[in-house]
Amino acid sequence: MSLRRAKITAVGTFVPQRIVTNDELSLMLDTSDEWISARTGIRERHIAGKEAASDLGAVAARRALEAAGVGAGKVDLIIVASLSPDALFPSTASYISAAIGAGGAPVFDLSAACTGFIYALSVGAAYIASEQAERVLIIGADVASKMVDWTDRRTAVLFGDGAGAVLLEPAGEGEEGIIGFSLGNDPAGVDQLSIPAGGSRLPATEATVAEHMHFIQMNGREVYKFASRIIVSSARQVLQEHGRRVEDVDLFVPHQANIRIIDSAARRLGFPPEKVFSNLERYGNTSCASIPLCLDEAATVGRLKRGDLVLMVGFGGGLSWGSCLARW
Ligand code: ACO
């Protein structure tokens, strides 16, 4: 007996209104549009005001539910992936549940840095497969702008804020839906990308604040090398495990961190540019929101159609990675 498959039945997204261009950043940091766009592909990003991750995530969630015609009270489970949660606890999912009126459904956060959205999809799909849930809301919501050191040009220019939500429901008779995942984590890279303080290892003190340890710290070069390698191997693994070839894929949706990483991975995998989706130029790295923001835009502009085979690949702190192969 095979387990039932999950399917993405709706998407909703939200980004804050305020756009900050590279030129604006160069007024406050020793950087330039030329450096940022040449090294990363980013030209502008949306930056939140007072909103927390749940404020963005709640709008995205409402939009996904509206698109599906499903009331918030009908959701069986909410999983939120975020590296900038509202608080250490309760979960950002609890705040979103309250904001959208989800009633008594179980909710929790999943911490896997920028891979969080793919990990959360895999958990949601497992709940559907094991018949513990009929409707699972997966939300990637991040306001990394509140987690970066605005005096550090090496990280501040990379991130943007946003949220994306998808609704998972059981796939219909004969529908493939979500086909499979390839997930992993390399513990050797645990210190390469993190917010070191504010948790139980380094609780907040005057020293942790003075040393900027509550902000994202990253070894950019190492993360770059890791990402360029892991996107290729993880994508190949999920394709191979499910008997698909690169040519079968209609749209490749990698995590949006750096256009050079995306281009090199796409080239090595053999994807022609028209099969690679990127909106990094306008959003920067929106962490857990980056893949659903791409899915929504790709579907809206007609680059992702019902029945298409889509390959999503995420990576991030951990150092973690995850690929998901799905029939749209
Ligand atoms: N403007 C101008 N100069 C800069 C800037 C900037 N914004 N940032 C760094 N520089 C300088 C550096 O100081 C350095 O100068 P130096 O040679 O005088 O010391 C020089 O540019 C080169 O710096 P590198 O760090 O070597 O630059 P690199 O080419 O590696 O690009 C980057 C840096 C863009 C961060 C790249 O390493 C990268 O994209 N890494 C991967 C990041 C990533 O994918 N993160 C995903 C995170 S996912 C998650 O879980 C959050």
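Every heavy atom of this structure was used, including side-chain atoms; hydrogens, water molecules and symmetry mates were not. Both counts, for ligands and for their atoms, begin at 1 and track the order of listing.
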- Query: Atom CZ of Arg45 and atom CZ of Arg18: how far apart are they, to the nearest 0.5 Å?
  - Reply: 10.5 Å
- Query: Partners of Arg303 by salt bridge (Lys or Arg N to Asp or Glu O under 4.0 Å), sequence neighbours excluded?
  - Reply: none
Enumerate the pairs of nitrogen or oxygen atoms, one from ligand 1 and one from the protein, separated by less than 3.5 angstrom; state names and distance to 0.1 Å.
from     : atom 1 : to     : atom 2 : distance (Å)
ligand 1 : 1 (N)  : Thr31  : OG1    : 2.6
ligand 1 : 3 (N)  : Trp35  : NE1    : 3.4
ligand 1 : 3 (N)  : Arg153 : NH1    : 3.4
ligand 1 : 7 (N)  : Thr31  : OG1    : 3.1
ligand 1 : 7 (N)  : Arg153 : O      : 3.0
ligand 1 : 13 (O) : Arg153 : NH2    : 2.9
ligand 1 : 21 (O) : Trp35  : NE1    : 3.4
ligand 1 : 26 (O) : Arg221 : NE     : 3.0
ligand 1 : 26 (O) : Arg221 : NH2    : 2.7
ligand 1 : 27 (O) : Arg39  : NH1    : 3.3
ligand 1 : 29 (O) : Arg39  : NH1    : 2.5
ligand 1 : 37 (O) : Gly220 : O      : 3.2
ligand 1 : 39 (O) : Asn258 : ND2    : 2.7
ligand 1 : 40 (N) : Gly220 : O      : 3.0
ligand 1 : 50 (O) : Cys114 : N      : 3.2
ligand 1 : 50 (O) : Gly317 : N      : 3.0

- Item | Remaining members of hydrophobic cluster (4.5 Å side-chain criterion), Leu202 | Met213
- Message: When you measure from the side chain of Asp33 to the backbone of Asp23, do you find a donor-acceptor pair of N or O atoms at a distance under 3.5 Å?
- Response: no
- Item | Any side-chain heavy-atom pair of Phe215 and Ile195 under 4.5 Å | no
- Task: Return each pair, listed once, that meets salt bridge (Lys or Arg N to Asp or Glu O under 4.0 Å) where at least one residue sits in residues 180-190; pairs must be two or more places apart or across chains.
- Result: none
